[in-house]
Amino acid sequence: MACFSAMAGFEGKRSMTRYSALSLLKNAFSHHEAWAPAWRKAEPRDSYDVVIIGGGGHGLATAYYLAKVHGITNVAVLERGPIGLGNTGRNTTIVRSNYLWDESAALYEKALSLWEGLSQDLNYNTMFSQRGVLNLAHNHGDVLEAQRRVHALRLNGIDSEYLSRDEVKAFCPIIDIRPDVRYPVWGGTLQRRGGSARHDAVAWGFARAASERGVDICERCEVQGIRREGGKVVGVETSKGYIKAGKVGIVTAGHSGVVAAMADIRLPVESHPLQALVSEPVKPIIDCVVMSNAVHVYVSQSDKGELVIGAGVDAYTSYAQRGSFHVIEHQMGALLELFPIFSRMRMLRQWGGIVDVTPDASPIIGKTPVDNLFINCGWGTGGFKATPGSGWVFAHTLATGQPHAINAPFALSRFETGKLIDEHGAAAVAH
Amino acid sequence: MLLITCPWCGPRDEIEFTCGGEAHRARPQDPAATDDAAFADFLFMRTNPKGLQRERWCHSQGCRRWFNLERSTITHEITRIYKMGEQPEASADATSPARQGGQP
Ligand SMILES: Cc1cc2nc3c(=O)[nH]c(=O)nc-3n(C[C@H](O)[C@H](O)[C@H](O)COP(=O)(O)OP(=O)(O)OC[C@H]3O[C@@H](n4cnc5c(N)ncnc54)[C@H](O)[C@@H]3O)c2cc1C
Ligand SMILES: [Zn+2]
């Protein structure tokens, strides 16, 4: 497919409308029916310097930073469906950087620092809200672990506080702290800079900003094969024809194993269903994010008023984007354990995503055994928070051919050397 | 929700079972003579197919015995159940186009 069809009135790098109070006002006069599309719908060209497989937040962020930081704009993002409908559009949007190990702290803190300026940088409101993330401790072991984590984080310069039981109650008054429940609250850790963001806006904002810099975002373009010559990648076979590529990055989350297998690469990854649900909208009742390892639930409230509630993965692997009902049942039990006030709330809808889980619960970001083929996967249940940081380090890796110091420890080769970054349990809870 | 037929106890609800992951992975016979790549492959790498997969399950809340089953990771349909030590011949191709699709 050689043709390059651009949307009417907008081509190449011509600048888009900057969003501002003024543009909002101007468009109000035309009843908001004259807004220009946020990104250009591109058809793939014959060849690119860099092809990114997967139009989730991570793939789109990678394209954006390739263009912005490294000046590489001959880039395509190939997405088999519409962008942002994978895990990016299905997650519970918790953002935090309170990970135990130094390697993880550096990676997630890089992301958090980018989040803090992201809406300005993208000129797109990602609705990033630093409302504080509270991780509860329910027994003596939890308390010791929580305090250890607070100290480790502070040594890494990351904000973190330990809260007593009463301080937890003061910070989030609707939590039940009675001592006679099955999992009483003993205390918790708080990262005030943590919070949540609007998932769709993250995908759309990165898409718009990347598109503006010349990146082609090709939707409904499925990668079906990876062509190699002499141990080196040369292009990809897609549902829209063959596309030559200097370098290729795989950023397909739950489908990482499927795409890597196209280049005969085996991954230490299993794809599991992860479910979430939202309640009917209610007035503001919880103004922070609460997570609990012991009862295994996490909850926040969206700006629309819905409670956003997530739980753990199903034990079996799946590509079906749905899980088993008993997981939801357990999740609701856990919610009511902490918040009896929600007992008569009705749930509105429930869904699942396919998360790519690694043995050490840390991502894989770097080279593959095939030259010029790179991979960014294994974010499992907790990669939304990393979206800007993941794109930033992966763009560096694609541009220079070498990992950045921040993602060097996250190489695929760690499963051979044994230098795992074990964040199971160490990272507060799963998300 | 899966309905799983334990080879000893019959059909039972999924919550009585524990999933032990991909089946038929053999630990290298002589670990000392196995190089890091081969051992990493055994320990960590998974086939993770989109299609039929053979898995180990344990009836942990029942007879507590292990067995194998074959299940579609796309539809969750269980296509066969067999005892430990058995290796039935291959099923309909796990990756045939007919078995794929169904996702946005
Ligand atoms: C229910 C749920 C709750 C979660 N909660 C949180 C949370 O609170 N906080 C947090 O930090 N993380 C959370 N996560 C994890 C987070 O959503 C993911 O780690 C992150 O969004 C992954 O982003 P991505 O861009 O890599 O993947 P995705 O958004 O899944 O993007 C991958 C894209 O690749 C495309 N693709 C696949 N195969 C092909 C192909 N062959 N050709 C072309 N394109 C292809 C897919 O269509 C998809 O759009 C949650 C996940 C789920 C499912
Ligand atoms: Zn049994």
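Every chain is numbered from 1, with letters handed out A, B, ... down the list of sequences.
- Note: B/W57 and A/Y316 have tilted aromatic rings, judged against thresholds of 30 and 60 degrees for the angle between ring planes.
- Here the closest non-hydrogen pair linking A/L412 and A/K367 is CB-O, 4.2 Å.
- By the 30° and 60° cut-offs, the orientation of the rings of B/H59 relative to B/F17 is parallel.
- Around CZ of B/R25, the count of heavy atoms belonging to other residues, nucleotides or ligands within 6.0 Å exceeds 12.
- Heavy atoms of B/D41 lying under 4.5 Å from chain A belong to its backbone as well as its side chain.
- With respect to chain B, the highest number of heavy-atom pairs below 4.5 Å among A/T317, A/V269, A/D314 belongs to A/T317.
- Taking both residues in full, the closest heavy atoms of B/P7 and B/K83 are given as CB-CE, 4.0 Å, listed atom of the first, atom of the second, then distance.
- Proximity to chain B (any heavy atom under 4.5 Å) is restricted, for A/L420, to the side chain, taken from C-beta onward.
- At a 4.5 Å heavy-atom cutoff, the contact between A/R322 and chain B is made by backbone and side-chain atoms alike.
- Proximity to chain B is absent for every atom of A/D360, based on heavy atoms less than 4.5 angstrom apart.
- For a residue to count as touching a neighbouring chain, one of its non-hydrogen atoms must lie under 4.5 Å from one of that chain's; by this rule B/T18 does not touch chain A.
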